[in-house]
Every structure is written in C-alpha cells, then in structure tokens.
Participant: 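This is the structure I want to talk about, given as structure tokens.
Residue numbering restarts at 1 for every chain, and letters A, B, ... go by the order of the sequence lines.
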Number of protein chains: 2
Amino acid sequence: MTQFGTFVHAARRSLQAGDRRYSLRQVAKRISVEPSYLSKIERGQVAPPSEAATVRLAMELDQDPDVLLALGGKVSSDLQEVIRKRPRLFAQLIRELRDAPDHAVLRIVREVRDGDW
Amino acid sequence: MTQFGTFVHAARRSLQAGDRRYSLRQVAKRISVEPSYLSKIERGQVAPPSEAATVRLAMELDQDPDVLLALGGKVSSDLQEVIRKRPRLFAQLIRELRDAPDHAVLRIVREVRDGDW
DNA sequence: CGTCATGTGTCCTAAACACTACACACTCTC
DNA sequence: GAGAGTGTGTAGTGTTTAGGACACATGACG
C-alpha cells in the first residue's frame with residue numbers, strides 16, 4: 001500500500017535530480033491533480049489514485065503503467081475487458097499459470113507473438 | 001448490464017421449474033441478501049452485486065462464477081492477484097492473446113497443463 | 001376463507017473512493 | 001529581503017458502491 005507511494009517518490013526524486021521540472025508541484029500540475037494530493041500519495045497518507053490518474057503518473061515518470069497499477073492494487077481495465085469477454089478461457093489460463101516460473105510464461109508469450117495459430 | 005439480471009433470472013427460473021426451493025425469496029435467503037435486492041438485481045434495477053455476493057449466487061444457481069462475474073463487469077480478485085504479482089509478464093501475455101481465436105488459447109492451456117516447463 | 005409464500009415498490013444509509021481548496025512554513029536566489 | 005517555488009497539514013466535498021427495512025399486492029392451496 002505504501003509501496004506505491006515509495007515507488008512514486010523514488011522515481012520522481014531520481015528524475016528531479018537532473019531536471020527541476022520534476023518537482024512535486026510541477027508533476028502534480030502536469031498530471032492534473034492538486035499538489036497536496038500528490039504529496040499525500042507519495043507518503044502513503046491516502047490510497048493510491050484512480051486508474052486514470054495512475055496511468056498519467058506512470059507516463060509522466062516514465063514508468064510501466066501496468067507495474068504502477070499493480071503497486072496500487074489495480075489491474076488495467078483493458079486487461080480486465082479481455083478477460084471478461086472470454087471468462088472461462090482466460091480464467092483457466094491464468095490460474096494454470098499462477099505458479100509457472102517466469103521463463104515458462106515468457107516462452108508462451110514468444111510462442112504467441114510468433115503467431116503460430 | 002441488464003445482461004446480468006436476465007441471466008440470473010433465467011437460471012433461477014429454470015431451476016425453480018423443477019424445485020420450488022428456488023423461489024426468489026428462498027434463493028435470496030440462502031445467499032444472504034434481501035429478497036427485494038435480488039428482485040431488483042434480476043430486473044436490472046440496480047447494478048450487479050459485489051464479487052462475494054455474485055460468487056454465492058453463481059454457486060447457488062450452479063453457474064460458473066467467472067462467467068457470472070464477467071456478466072457483472074467484474075474479474076475475480078484471485079485472477080487479479082495473479083496479474084498484480086507479475087504485471088509486465090501477464091499484461092503482455094493477455095494483450096497478445098486478445099485477438100487469438102479460442103482454439104489457440106485452449107491449445108496453450110493444454111500445453112501448460114501438461115506441465116512442460 | 002384464511003394464511004402462507006411469492007415477487008416488488010419506496011425509502012433510506014453507511015462506507016469507501018477520489019479528490020479539491022486553502023493556508024502554512026521553509027528555502028533559494030537575485 | 002522580496003518574491004517565487006517547494007512540500008505539507010487540515011478540512012471538506014461529490015459520487016459511487018452495496019446493500020437493508022418494511023410495507024404492499026397477488027396468487028396458491030388446503
């Protein structure tokens with residue numbers, strides 16, 4: 001939960017080191033939230049923001065949106081939509097892969113990408 | 001949205017035909033919601049219920065919980081958790097499979113189940 | 001005929017979610 | 001030493017979620 005804030009804070013600080021456009025206030029402004037809100041987010045004083053705000057934040061800080069959403073306890077709604085369209089199929093697949101090692105999942109991703117159906 | 005209600009109503013009615021324990025009231029009681037609430041759900045007068053209630057309802061009506069959750073616009077939280085634990089990996093996989101035909105996905109499921117990693 | 005069960009209408013609500021508004025203290029920098 | 005910019009504290013707000021309470025009319029049935 002405070003994972004999210006810590007991560008965001010670290011990412012912003014690291015950018016801020018080399019570019020003063022990454023102050024809390026300026027970042028807040030660019031992602032369209034109040035500075036005080038972003039401050040609270042970074043310090044874990046409030047729950048992670050909505051999906052939309054999280055994605056804007058990820059973009060701004062040059063981070064992977066799916067990772068940031070995950071830290072915020074969420075799953076991108078476009079992924080959810082894919083699952084909802086074929087729930088039995090994807091539910092089965094995902095549960096099957098729950099305990100598979102990364103490299104096994106990756107192998108499948110590559111297999112699929114090389115489009116062999 | 002009213003897909004959910006229609007589906008539930010149909011499932012319950014079909015069970016009720018052969019067994020009068022499947023009246024709206026009795027089902028409501030067994031899944032621990034107020035009859036008036038279940039009535040509104042079946043007629044799409046309110047949004048689909050929470051994940052927990054949806055799963056109880058699916059069980060009661062002998063339906064696949066993932067399917068019923070999908071009709072309710074939700075994705076089971078245990079699936080979400082799997083994704084959240086390895087967001088990049090699963091996000092990539094799922095997006096890759098978005099447009100894959102069912103049989104291709106099924107083939108992968110079988111492959112994985114035959115545990116070849 | 002009484003009563004039991006059925007489905008439904010109306011009203012209400014307690015939390016959670018997702019933020020905004022504004023004031024304050026500190027720092028730097030020109 | 002004035003102004004600009006920085007981060008933070010307090011308080012409050014609109015919306016959505018997820019239902020509960022209770023009364024009512026209708027119908028079945030013994």
Side-chain angles (χ1 to χ4, degrees), chain A residues 1-2 4-58 60-61 65 68-69 71-77 80, chain B residues 1-2 4-58 60-61 65 68-69 71-77 80:
Chain A
M1 321 280 164
T2 193
F4 186 90
T6 307
F7 183 88
V8 167
H9 183 71
R12 187 181 60 77
R13 285 246 116 203
S14 124
L15 286 171
Q16 191 181 21
D19 185 341
R20 69 188 189 297
R21 289 171 41 252
Y22 287 90
S23 76
L24 187 148
R25 269 170 188 274
Q26 295 194 37
V27 168
K29 178 148 214 179
R30 284 197 295 276
I31 66 168
S32 306
V33 302
E34 288 294 308
S36 65
Y37 186 42
L38 180 54
S39 170
K40 281 175 276 188
I41 287 171
E42 285 196 356
R43 288 168 302 124
Q45 273 203 12
V46 297
S50 67
E51 177 175 351
T54 300
V55 171
R56 291 199 304 275
L57 187 50
E60 175 65 26
L61 300 181
L68 203 57
L69 284 169
L71 286 173
K74 307 190 199 268
V75 169
S76 173
S77 57
Q80 298 202 32
Chain B
M1 323 282 162
T2 194
F4 185 91
T6 308
F7 183 89
V8 167
H9 183 72
R12 187 181 60 77
R13 285 246 116 204
S14 126
L15 286 171
Q16 191 182 21
D19 184 341
R20 72 186 189 297
R21 288 171 42 254
Y22 287 91
S23 77
L24 186 149
R25 270 169 187 275
Q26 294 194 36
V27 168
K29 177 148 214 179
R30 284 195 297 276
I31 66 167
S32 306
V33 302
E34 289 294 308
S36 65
Y37 185 43
L38 181 54
S39 170
K40 280 175 275 187
I41 287 171
E42 285 196 357
R43 287 168 304 123
Q45 273 203 12
V46 298
S50 68
E51 176 174 349
T54 300
V55 170
R56 293 199 302 276
L57 187 51
E60 176 64 27
L61 299 181
L68 203 56
L69 284 169
L71 287 173
K74 306 188 199 265
V75 170
S76 174
S77 57
Q80 299 202 32

Participant: Look at the side chain of B:Ser39 and the backbone N and O of B:Pro35, then say whether any donor-acceptor pair between them is shorter than 3.5 Å.
Facilitator: no

Participant: Flag the pair B:Ser14 / B:Tyr22 as yes when at least one side-chain heavy-atom distance between them is below 4.5 Å, and no otherwise.
Facilitator: no

Participant: Looking across every strand, which nucleic acid part, if any, lies under 4.0 Å from B:Glu42 by heavy atom: base, sugar-phosphate, or nothing?
Facilitator: nothing

Participant: Could you state the atom-to-atom distance from CD1 of A:Ile41 to C1' of D:dT8 in whole Å?
Facilitator: 14 Å

Participant: Please tell me if B:Arg43 has a side-chain N or O lying less than 4.0 Å from either OP1 or OP2 of C:dG7.
Facilitator: no

Participant: Going by salt bridge (charged side-chain N to carboxylate O under 4.0 Å, His left out), name the pairs with one or both residues in residues 32-55 of chain B, residues two or more places apart or in two chains.
Facilitator: B:Arg12-B:Glu42

Participant: Looking only at heavy atoms, which two atoms of B:Ile41 and B:Ala47 are closest? And how far apart?
Facilitator: CG1-O, 4.5 Å

Participant: At their closest point, which heavy atom of B:Leu15 faces which heavy atom of B:Glu60, and how far apart are they?
Facilitator: CD1-O, 4.3 Å

Participant: Do B:Val75 and A:Val75 come close enough that some side-chain heavy atom pair is under 4.5 Å?
Facilitator: no

Participant: Show the distances under 3.5 angstrom between N or O atoms of the protein and N or O atoms of nucleotides 17-19 of chain D.
Facilitator:
| from | atom 1 | to | atom 2 | distance (Å) |
| --- | --- | --- | --- | --- |
| D:dA18 | OP2 | B:Lys74 | NZ | 3.2 |
| D:dG19 | OP2 | B:Ser50 | N | 3.0 |
| D:dG19 | OP2 | B:Ser50 | OG | 2.3 |
| D:dG19 | O5' | B:Tyr37 | OH | 3.1 |

Participant: Taking only side-chain N and O atoms of B:Arg12, does any of them lie within less than 4.0 angstrom of OP1 or OP2 on C:dT6?
Facilitator: no

Participant: Just wondering, do B:Val8 and B:Leu68 contact through their side chains at under 4.5 Å, heavy atoms?
Facilitator: yes

Participant: Using heavy atoms and a sub-4.0 Å distance, could you list which residues of residues 13-27 of chain A are near DNA chain D? By number, please.
Facilitator: A:Gln16, A:Ser23, A:Leu24, A:Arg25, A:Gln26

Participant: Calculate the interatomic distance between B:Gln45 atom CD and C:dG7 atom P; express it in whole Å.
Facilitator: 15 Å

